[in-house]
Asks: 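Just dropping this structure here.
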Amino acid sequence: MKLLIDDAHIDEIKRIEDLYPIDGVTTNPTILSRVHQDPVKTLTEIREQIGKDGILFVQAVPDDAEGMVRDARAIVKAFGESTVVKIASTPQGFKAIKQLTAEGIHTCGTVVYTPLQAFLAAKSGADYVAPYINRIDNMGYDGVATAEQIQDILEVNALDCEVLAASFKNSQQVLELAQYGVGAATAAPSVIDSFVKNAAIDAAVDQFRKDFDSLAPGKTMADLLQ
Ligand code: G3P
């Protein structure tokens with residue numbers, strides 16, 4: 001499963017990318033608005049940080065197909081081939097995805113709340129479909145189960161498209177989808193940190209340090225092997 005950062009703050013992206021095995025960064029207009037600066041500057045900084053091969057997701061802003069296609073072409077021209085354009089999974093969005101697929105531009109059908117929305121985006125040619133796990137949960141449905149149903153639909157219909165699960169609020173939601181074998185998950189830095197936020201892990205690491213200190217106070221193996 002690919003793991004992406006769902007955030008646009010460059011300091012947080014640097015911190016998370018330094019620590020964890022990260023495949024890229026996902027953004028949307030709301031995420032960009034939280035940085036309070038020109039979105040092109042933000043996206044340029046992110047592209048520089050993740051390198052030309054890191055996967056960068058950037059959303060087309062218009063809600064008509066023609067505008068989405070225009071945005072997508074400009075986004076890929078500015079941020080490179082390994083950029084995936086997020087397109088809202090609406091009727092106009094499906095029209096845009098079909099056109100962009102014909103042009104060889106990678107797309108992600110986003111704003112996915114239902115399995116049939118994902119099916120239509122994938123069948124239109126999207127490389128990814130992004131179900132919003134926590135938002136679906138908050139509507140009284142089961143976000144993880146919806147993503148699993150979408151994964152099944154993609155497999156049964158042999159659609160060349162990956163689930164990019166998004167909108168997570170806790171590590172359990174990510175765990176269940178990693179176990180199910182979805183292609184990708186994107187999560188906020190705090191949620192990624194929570195994968196390993198566990199008092200038992202911290203206590204075990206502390207105990208190893210204390211036990212080694214009892215043999216060689218303040219030293220490491222490298223110190224002793226000099
Ligand atoms: O990638 C889509 C995601 O950012 C939506 O998340 O937290 O706004 O529900 P959220």
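One-based numbering along the sequence shown. First listed ligand is number 1; within each ligand, the first listed atom is number 1.
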Asks: Tell me every residue that passes side-chain hydrogen bond (donor to acceptor under 3.5 Å, both in side chains) with Q151, counting only those two or more places apart in sequence or in another chain.
Replies: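 By the side-chain hydrogen bond (donor to acceptor under 3.5 Å, both in side chains) rule, Q151 matches E155.
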Asks: Can you pull the side chain to side chain donor-acceptor pair (under 3.5 Å) pairs that have at least one residue in residues 170-185, sequence neighbours excluded?
Replies: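 Checked against side chain to side chain donor-acceptor pair (under 3.5 Å) - neighbours excluded - the pairs reaching residues 170-185 are N134-Q173, D137-Q173, D152-Y180, Q172-E176.
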Asks: Centres of the F195 and Y20 rings: under 6.0 Å?
Replies: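 They do not qualify: ring centres at least 6.0 Å apart.
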Asks: Say you draw a straight line from CD of E66 to NZ of K95; how long is it, rounded to the nearest 0.5 Å?
Replies: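 Result: 8.0 Å between the selected atoms.
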Asks: For residues Q59 and V85, determine if any side-chain heavy atom of one lies less than 4.5 Å from a side-chain heavy atom of the other.
Replies: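 Result no, sub-4.5 Å side-chain heavy-atom pair not found.
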Asks: With sequence neighbours left out, what residues match S190 under side-chain hydrogen bond (donor to acceptor under 3.5 Å, both in side chains)?
Replies: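 Checked S190 against side-chain hydrogen bond (donor to acceptor under 3.5 Å, both in side chains); zero matches.
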Asks: Give every pair made of an N or O atom of ligand 1 and a protein N or O atom lying under 3.5 Å apart, one pair per line with both atom names and the distance to 0.1 Å, or write 'none'.
Replies:
from: ligand 1; atom 1: 1 (O); to: D6; atom 2: OD1; distance (Å): 3.3
from: ligand 1; atom 1: 1 (O); to: D6; atom 2: OD2; distance (Å): 3.2
from: ligand 1; atom 1: 4 (O); to: D6; atom 2: OD2; distance (Å): 2.7
from: ligand 1; atom 1: 4 (O); to: N28; atom 2: ND2; distance (Å): 3.3
from: ligand 1; atom 1: 7 (O); to: K169; atom 2: NZ; distance (Å): 2.9
from: ligand 1; atom 1: 8 (O); to: R135; atom 2: NH2; distance (Å): 2.8
from: ligand 1; atom 1: 9 (O); to: R135; atom 2: NE; distance (Å): 2.7
from: ligand 1; atom 1: 9 (O); to: S167; atom 2: OG; distance (Å): 2.7

